[in-house]
Amino acid sequence: MLPDSHIDAIPASPQEFLSSVFGYDSFRGHQQDIIDHVIAGESCGVLMPTGSGKSLCYQIPAICRPGTGIIVSPLIALMQDQVLALRELGVRAAAIHSGLEYTETSQALADLCAGRLDLVYVAPERLLMDSFLAVLDDIPLALFAIDEAHCISQWGHDFRPEYQELTLLRTRYPYVPCIAVTATADTPTRQEMIERLELPKLFIAGFDRPNIAYDVANKENPRRQFLAFLKLREASESGIVYCLSRRKVEETAQWLCQQGYNALPYHARLDAQIRHQNQERFLREEGIIMVATIAFGMGIDRPDVRFVAHLDLPKNIESYYQETGRAGRDGLPAIAWMVYGLQDIALQRQMIENGDSPPDQKRIEHQKLSAFLGYCESATCRRQVLLTYFDDEASPCGNCDTCLRPPETIDGTVAAQKLLSCIYRTNQIFGGAYIIDVLLGRENERIRKFGHDNLSTYGIGTEHTAKEWQSLIRQIVARGLLFVDTQNHGGLKITEDGAAFLKTKESLQLRLDPKTVGGSAGGGRSRKTDPALALETEEDQALFADLRALRLSIAKEQGIPPYVVFHDKTLIDMTLRRPLSLDAMAQVPGVGQSKLTKYGQVFLEAIKDG
């Protein structure tokens with residue numbers, strides 16, 4: 001069903017539309033240049049960080065241009081979320097996907113054919129059907145927008161073959177502008193995206209998310225570490241916890257519930273109805289922790305996710321950047337927290353080797369993993385390492401663990417030589433714990449049994465503790481000098497690069513892990529991500545709490561997520577401005593005409609009473 005109150009007359013300019021519908025006074029960054037470019041009928045690619053307003057870059061041109069904008073989106077959840085938010089703004093939008101009833105699909109198609117829709121969201125598989133293309137052949141088209149456009153590239157971390165078939169749009173509808181948007185694409189990925197879609201221009205708005213704090217720690221006791229992290233958060237905060245396996249997802253969600261947290265599991269094998277219910281609860285309730293595999297997240301538009309935690313190592317920087325980017329989309333403080341260890345590295349290498357990818361693709365995957373391990377083991381600002389990977393620049397950020405708790409670095413050349421020599425002399429069949437025992441000269445029956453107490457490397461590593469050797473082994477594996485033979489009981493083996501290192505003895509800088517791990521970046525209340533901390537007085541914080549409660553009540557009554565009513569950032573602005581008239585309320589960022597009509601008076605009354 002179309003919105004009761006839609007836009008009857010298109011504003012004279014994109015600026016007026018931004019103000020009257022979305023409630024914002026000015027565009028950010030490259031938004032206006034991109035919008036003007038597309039309205040003029042030109043195609044382009046857009047790389048813009050999550051939460052920086054990519055959607056506006058095609059939503060506004062789709063409405064300002066004659067015809068209907070067709071938005072290609074990979075997930076039903078994303079379509080539904082976007083359509084719901086647009087209808088709240090009075091925009092005529094619909095989604096056509098496999099989750100609809102027959103009558104709903106028929107109605108959406110009828111509205112599309114009759115010109116009653118400004119935007120239609122559709123999956124690539126549906127778009128490429130002959131029957132759907134036949135419909136598009138007969139109607140005016142404002143533009144094509146391809147969301148998550150990195151999926152078109154084989155270099156990308158989330159390659160989808162059906163995306164490559166979208167090149168048909170450029171040949172079948174050469175007169176229709178095409179805008180391809182993504183938040184995550186390295187140089188080879190963006191190059192392939194441009195070439196395949198024949199995009200004449202690429203807008204790059206940078207990759208930095210300055211509101212996100214980055215924190216990476218060595219995995220010791222992950223549950224204990226994560227619990228320590230959660231104790232620094234506010235109970236009302238919602239977050240996402242990523243695990244590699246379905247089993248670990250369910251076990252972690254159950255454990256968190258036992259600890260008193262409101263945690264839900266999400267993975268591809270979960271019953272479809274339960275999966276949908278859990279997703280809806282995450283979108284609509286406060287204080288929910290979603291424990292999930294990577295099946296969860298793309299298309300989740302909730303802006304007030306305050307943390308994203310990884311209990312297992314992602315497969316590359318792109319995946320990590322995309323997953324952590326689901327935190328703090330509202331621009332308020334958020335944190336990306338991760339623990340990882342030697343077994344995570346070994347498991348990711350094994351998954352690459354055992355995968356179905358051709359050899360060239362496996363080589364790319366290994367390279368991407370190695371680049372990510374370099375980020376994890378960095379002794380310098382993590383944000384700088386992250387942005388450099390995407391050919392972006394940044395100064396030391398002061399908002400990551402390595403800036404706030406700089407690790408000690410050492411010349412690890414001799415230590416690495418001792419380690420590799422000990423592994424070689426013990427025939428490359430033992431795991432790290434045994435090798436450390438030999439290096440430390442420990443006396444035990446197993447060492448005596450193999451005669452390794454007679455080796456030249458026995459007891460030559462006492463300058464480091466066992467914990468320090470664990471860190472050094474992890475880093476040397478990450479550097480590619482060693483690999484863990486998961487097929488043979490986890491034995492450490494020397495790679496070709498490791499053998500070359502033993503011969504050349506090149507200098508090797510390594511880091512020593514900080515003594516304390518498990519907290520948030522910086523720790524303490526000052527690093528908490530509760531948006532109420534943006535308010536200085538108790539009176540302001542009390543009013544903000546009242547406005548959030550009102551928002552939640554309205555959302556429950558209407559069956560929509562609270563952030564669709566207003567974002568936290570808008571409520572903070574209401575609290576600080578304290579508007580006392582509808583005209584004053586209209587000046588609050590995020591309060592457009594439709595929302596002013598629906599909610600303005602009731603929020604004014606709450607502000608007056610507060």
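Basis for what follows: all heavy atoms, side chains included, without hydrogens, waters or symmetry-related copies.
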Heavy-atom closest contact ([X] atom, [Y] atom, distance):
{"X": "P74", "Y": "P124", "answer": "CA-CD, 4.4 Å"}
{"X": "C376", "Y": "V216", "answer": "O-CG1, 4.3 Å"}
{"X": "E393", "Y": "L387", "answer": "O-CD1, 3.8 Å"}
{"X": "V305", "Y": "A334", "answer": "O-CB, 4.1 Å"}
{"X": "L472", "Y": "L510", "answer": "CD2-CD1, 3.6 Å"}
{"X": "T495", "Y": "G480", "answer": "OG1-O, 2.6 Å"}

message = Apply side-chain contact (heavy atoms from CB on, under 4.5 Å) to residues F207 and L386 and explain how you reach the verdict.
response = CA-CA 9 Å; F207 290 85; L386 194 65; over 6 Å; no
message = Can you confirm if the aromatic rings of F296 and H267 lie within a centre distance of less than 6.0 Å?
response = no
task = Compute the centroid of each ring, for W337 and then for F226, and state whether the two points are separated by less than 6.0 Å.
result = yes
inquiry  = Give me each pair satisfying salt bridge (charged side-chain N to carboxylate O under 4.0 Å, His left out) with a member in residues 437-459, each pair once, sequence neighbours excluded.
reply    = D437-R442
ask   = Taking only residues at least two apart or on different chains, which pairs with a member in residues 250-271 satisfy salt bridge (charged side-chain N to carboxylate O under 4.0 Å, His left out)?
value = R247-E251
With the side chain counted from C-beta on, respond yes when [X] and [Y] share a heavy-atom pair under 4.5 Å apart, and no when they do not.
{"X": "T426", "Y": "F450", "answer": "no"}
{"X": "L313", "Y": "M338", "answer": "yes"}
{"X": "N262", "Y": "I289", "answer": "no"}

Tell me whether the NZ or CZ atom of [X] lies within the 45° cone about the ring axis of [Y] and under 6.0 Å from its centre.
{"X": "R233", "Y": "F229", "value": "yes"}
{"X": "R382", "Y": "Y375", "value": "yes"}
{"X": "R349", "Y": "F483", "value": "no"}

message = With no hydrogens and no angle check, just 3.5 Å: does a side-chain donor-acceptor pair link S456 and R425?
response = yes
query = Taking atom types as modelled, is there a side-chain donor on T187 or D391 under 3.5 Å from an acceptor on the other?
reply = yes
request  = Output, in order, the C-alpha distance, side-chain angles, deciding distance and verdict of side-chain contact (heavy atoms from CB on, under 4.5 Å) for L332 and N211.
outcome  = CA-CA 6 Å; L332 297 173; N211 62 310; 5.7 Å; no
Test side chain to side chain donor-acceptor pair (under 3.5 Å) applied to [X] and [options], the passing residue:
{"X": "T182", "options": "E318, E148, H150", "value": "H150"}
{"X": "S153", "options": "R190, E192, R196, Q191", "value": "E192"}
{"X": "Y242", "options": "H310, R326, K248", "value": "R326"}

ask   = Sequence neighbours excluded, which residues qualify as side chain to side chain donor-acceptor pair (under 3.5 Å) partners of R329?
value = D301
request  = Over 60° means perpendicular and under 30° means parallel, so classify the ring planes of H464 and W469, tilted if in between.
outcome  = perpendicular
